[in-house]
2 protein chains.
Amino acid sequence: MSLKHATLGLLTYGPASGYDLLQKFRESLANVWPATQSQLYGELGKLAAAGLVTVAAEGPRGRKEYAITPEGSAELRHWLGEVPPAPNRRSEMLLRVFFLGMLTPEQAREYLDDRATVAAELQAELRELATTVDPDSGPLAVYGRLALEWALRFSVMQEEWATWAADEVRRAQEGVE
Amino acid sequence: MSLKHATLGLLTYGPASGYDLLQKFRESLANVWPATQSQLYGELGKLAAAGLVTVAAEGPRGRKEYAITPEGSAELRHWLGEVPPAPNRRSEMLLRVFFLGMLTPEQAREYLDDRATVAAELQAELRELATTVDPDSGPLAVYGRLALEWALRFSVMQEEWATWAADEVRRAQEGVE
DNA sequence: TCGGTCATGTAATGGGTTACATGATTTT
DNA sequence: AAAATCATGTAACCCATTACATGACCGA
């Protein structure tokens, strides 16, 4: 149900075509809620049918510029304020951890060490990104900074955990030998 | 593609029926990779057709006991060791953060404070769970502990972040007034 | 014999991904 | 004139969820 709200949310920054929105998805929401072209055009059709957005203008090449309606805005606010967010229920990374016993301890450690490395790399990218983001460009930047900080803390946590876990495996291995 | 590997993984602990596996999914994998009954029976059919599992025995009430084949075991190990895990690409919680500007600062803070509360509650449950888990029951417990620790660290991080973020909103609000 | 639980299956629906398909407009 | 970009739409497929449907076996 969240593509709907992501779309409405982006439209609160002003009217836009499907094509425009697609770019906004790629630029700003790629890491929290990606959307494909195919999906987005379908969603815009549904939102228009439901009266949450309207075609405010038509341009060249069949361009349709969508605008959020008061109903759409109300729906977005309702979702933000009243509907409790659904936590992520799946983690492929952790699923693998459950079955690491199928590998040799060496391979298990390698997996965990790789997680630590990937997390460290992500951290570096995020820190880089943090310096390039204009601290006061638009309202998205205010809350976008909070999201960036979350990602930073997440990757730190992941790196520390993976390092610790690799060590635990090492310890268990030595204990057995 | 991961239901396949979750199923194969559970079958490495011994042959089981769809019914049995469903309970294992609920007991141990509920928080990393949930599966519904409908989905699981379909998957077992596909795995059998692909030769990754076989019907090792048939029992009363049409019970089919599945066992992992050498091919299935190879596939599982290949997935664990050679296929890089796909990170979670979507976070409803963070998507909402991007649009918190649509709410009043008070409501935005409330949202973040709620995240902190929920994270703290989760933490308490996990700590409780940690005490009840037998430290040396089977191989799943060894790596299950790593997953539990991840969840614990995650909820700590989330609580700290949400508290910090609520404070940032407060500060921004005061700065403007 | 009655209720619980064991046990399997199908159908409908929704969300997501990839690929196919087409064409107008602008820029070089 | 050609290439890049703008712009929309559809079809096929996979995965997941909910609901429906059925019936055998076991213990009290």
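FYI, side chains are in, hydrogens and waters are out, and symmetry mates aren't considered; it's all heavy atoms of this structure. Every chain is numbered from 1, with letters handed out A, B, ... down the list of sequences.
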Are a donor atom and an acceptor atom from the side chains of A:Gln173 and A:Glu106 found within less than 3.5 Å of each other?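 Distance-only check passes for A:Gln173 and A:Glu106.
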
Will you find, in the side chains of A:Thr117 and A:Asp114, an N or O donor that is under 3.5 Å from an N or O acceptor? no

In whole Å, what is the span from the [atom1] atom of [X] to the [atom2] atom of [N]?
{"X": "B:Leu21", "N": "C:dC6", "atom1": "CG", "atom2": "P", "result": "14 Å"}
{"X": "A:Lys24", "N": "D:dC6", "atom1": "NZ", "atom2": "P", "result": "15 Å"}
{"X": "A:Glu92", "N": "D:dA16", "atom1": "CD", "atom2": "P", "result": "11 Å"}
{"X": "B:Leu47", "N": "C:dT8", "atom1": "CG", "atom2": "P", "result": "14 Å"}
{"X": "B:Leu3", "N": "D:dT17", "atom1": "CG", "atom2": "C1'", "result": "13 Å"}
{"X": "A:Arg63", "N": "C:dT22", "atom1": "CZ", "atom2": "C1'", "result": "19 Å"}
{"X": "A:Leu22", "N": "C:dT18", "atom1": "CG", "atom2": "P", "result": "13 Å"}
{"X": "B:Leu44", "N": "C:dA7", "atom1": "CG", "atom2": "C1'", "result": "12 Å"}

Under 4.0 angstrom, heavy atoms only, what part of the nucleic acid is A:Arg90 near: base, sugar-phosphate, or nothing?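 Counting heavy atoms under 4.0 Å across all strands, the contact made by A:Arg90 is with sugar-phosphate only.
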
Counting neighbours of CG on B:Asp113 that are heavy atoms of other residues, nucleotides or ligands and sit closer than 6.0 Å, is the number greater than 12? yes

Tell me whether A:Asn31 at atom CG has more than 12 heavy atoms from other residues, nucleotides or ligands lying less than 6.0 Å away.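 Check fails, neighbour count at 12 or below.
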
Counting side-chain heavy atoms from CB outward, which of D:dC25, D:dA16, D:dT8 is closest to B:Trp33? D:dA16

Mapping A:Pro60 and A:Ser2 to their closest nucleotides on DNA chain C, which lands nearer the 5' end?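 The answer here is A:Ser2.
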
All N/O pairs under 3.5 Å across the protein-nucleotides 9-14 of chain D interface:
unit_1, atom_1, unit_2, atom_2, d
D:dG9, OP1, A:Lys64, NZ, 2.5
D:dG9, O6, A:Gln37, OE1, 3.3
D:dG9, O6, A:Gln37, NE2, 3.3
D:dT10, O4, A:Ser38, OG, 3.1
D:dA11, N6, A:Ser38, OG, 3.0

Please collect all ring pair (Phe, Tyr, Trp, His ring centres under 6.0 Å) contacts where either partner lies in residues 56-84 of chain B, sequence neighbours excluded, each pair once.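 Only B:His5-B:Trp79 qualify under ring pair (Phe, Tyr, Trp, His ring centres under 6.0 Å).
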
Nucleotides 1-5 of chain C: which of its N/O atoms have a protein N/O under 3.5 Å away?
unit_1, atom_1, unit_2, atom_2, d
C:dT5, O3', B:Tyr19, OH, 3.4

Ignoring hydrogens, what is the shortest heavy-atom contact between B:Tyr111 and B:Val97? Give both atom names and the distance. CE2-CG2, 4.1 Å

Check the pair B:Arg77, B:Ser73 against side chain to side chain donor-acceptor pair (under 3.5 Å), reporting the backbone distance first and the verdict last. CA-CA 6 Å; B:Arg77 259 189 288 271; B:Ser73 190; 2.8 Å; yes

Side-chain heavy-atom pair B:Leu94, A:Trp33 within 4.5 angstrom cut-off: no

Under the 6.0 Å and 45° cation-pi test, does B:Arg153 pair with A:Trp164?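 That pair qualifies as a cation-pi contact.
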
